[in-house]
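Report on one structure; see the data block that follows.
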Amino acid sequence: MHDLIVNTSRSSTDIVEAAWQKVRADGRVRPELLNAAYAEPRLRQLFPWTGMGELHFSRCTSPRWTWDIPYIASIANGGYMVEGLAVTRRCGLPQRHPRPLRWWWNVFRTVVALLSSALPKSLLLKSESP
């Protein structure tokens with residue numbers, strides 16, 4: 001029963017930072033992608049969560065997460081795509097192309113830039129679900 005109570009004594013900023021630490025620890029998304037997303041100030045202020053290799057962002061810091069922010073999903077060729085809100089963009093090289101770490105970093109930066117460009121102009125973080 002106590003697990004269902006939302007801790008309102010922490011600030012939204014503290015809750016979001018704890019969520020970033022949690023997604024880094026869960027291992028569902030490559031650390032390089034998380035680092036690139038965290039380096040983007042507009043994404044860093046949102047509540048991150050992961051599922052099935054996808055990196056999602058919410059304006060709410062408590063369940064039920066919002067779905068009005070695009071998310072990053074991995075695709076079969078080793079690249080990533082940004083989906084959500086009528087946005088579907090892919091980035092990555094054909095499967096036969098070698099993928100050195102620098103290439104991955106460029107893809108991470110590219111996919112984060114695509115997601116950032118698709119964000120609403122105003123991002124207001126809420127401590128409660130809609």
Side-chain angles (χ1 to χ4, degrees):
M1 178 73 175
H2 295 288
D3 292 340
L4 299 177
I5 298 172
V6 177
N7 182 353
T8 57
S9 64
R10 294 178 15 187
S11 73
S12 292
T13 303
D14 291 341
I15 294 169
V16 167
E17 187 57 38
W20 277 102
Q21 291 174 12
K22 182 177 177 182
V23 298
R24 287 178 189 279
D26 74 17
R28 294 179 184 169
V29 175
R30 292 180 60 100
E32 297 89 350
L33 178 59
L34 291 170
N35 291 341
Y38 189 82
E40 169 56 50
R42 295 185 75 209
L43 295 178
R44 186 173 51 239
Q45 73 180 354
L46 296 171
F47 185 93
W49 57 280
T50 58
M52 298 176 60
E54 300 169 349
L55 178 57
H56 294 262
F57 302 91
S58 177
R59 294 183 199 224
C60 295
T61 59
S62 64
R64 300 175 19 146
W65 317 130
T66 57
W67 281 88
D68 61 337
I69 304 294
Y71 65 94
I72 300 170
S74 57
I75 54 178
N77 74 348
Y80 291 87
M81 68 180 167
V82 175
E83 287 193 305
L85 296 176
V87 174
T88 300
R89 299 180 185 165
R90 295 173 186 255
C91 60
L93 297 175
Q95 197 167 10
R96 66 185 178 279
H97 194 282
R99 292 177 275 196
L101 185 58
R102 183 165 169 72
W103 178 84
W104 278 108
W105 175 247
N106 288 338
V107 168
F108 297 136
R109 287 187 15 204
T110 300
V111 77
V112 167
L114 287 172
L115 188 143
S116 183
S117 71
L119 290 175
K121 297 283 185 216
S122 174
L123 289 175
L124 298 176
L125 190 64
K126 302 174 185 179
S127 59
E128 296 180 6
S129 302

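Basis for what follows: all heavy atoms, side chains included, without hydrogens, waters or symmetry-related copies.
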At their closest point, which heavy atom of Arg28 faces which heavy atom of Gly51, and how far apart are they? NH1-CA, 4.2 Å

Identify the heavy atoms of Pro70 and Leu115 that sit nearest to each other, and give their distance. O-CD1, 3.4 Å

Can you measure from CZ (Arg44) to CZ (Phe57) and round to the nearest 0.5 angstrom? 11.5 Å

Kindly compute the distance separating CD (Glu17) from OG (Ser11), expressed to the nearest 0.5 Å. 10.0 Å

Any side-chain heavy-atom pair from Leu46 and Val16 closer than 4.5 angstrom? no

State which residues pass side chain to side chain contact (heavy atoms under 4.5 Å, CB included) with Ser74; sequence neighbours excluded, sorted by chain then number. Tyr80

Who passes side chain to side chain contact (heavy atoms under 4.5 Å, CB included) against Glu40, sequence neighbours left out? Arg42, Leu43, Val112, Ser116

Between CH2 on residue Trp20 and CH2 on residue Trp49, distance to nearest 0.5 Å: 13.5 Å

How long is the gap from OG1 on Thr50 to CG on Asp26, to the nearest 0.5 Å? 3.5 Å

Atom NE2 of His56 and atom CZ of Phe47: how far apart are they, to the nearest 0.5 Å? 12.5 Å

Taking the side chain as every heavy atom from C-beta outward, state whether Leu114 and Met81 have any atom pair closer than 4.5 Å. no

Hey, what do you get for CD1 (Ile15) to OG1 (Thr61), rounding to the nearest 0.5 Å? 4.5 Å

Which heavy atom of Leu34 sits nearest to which heavy atom of Val29, and what is that distance? CD1-O, 3.9 Å

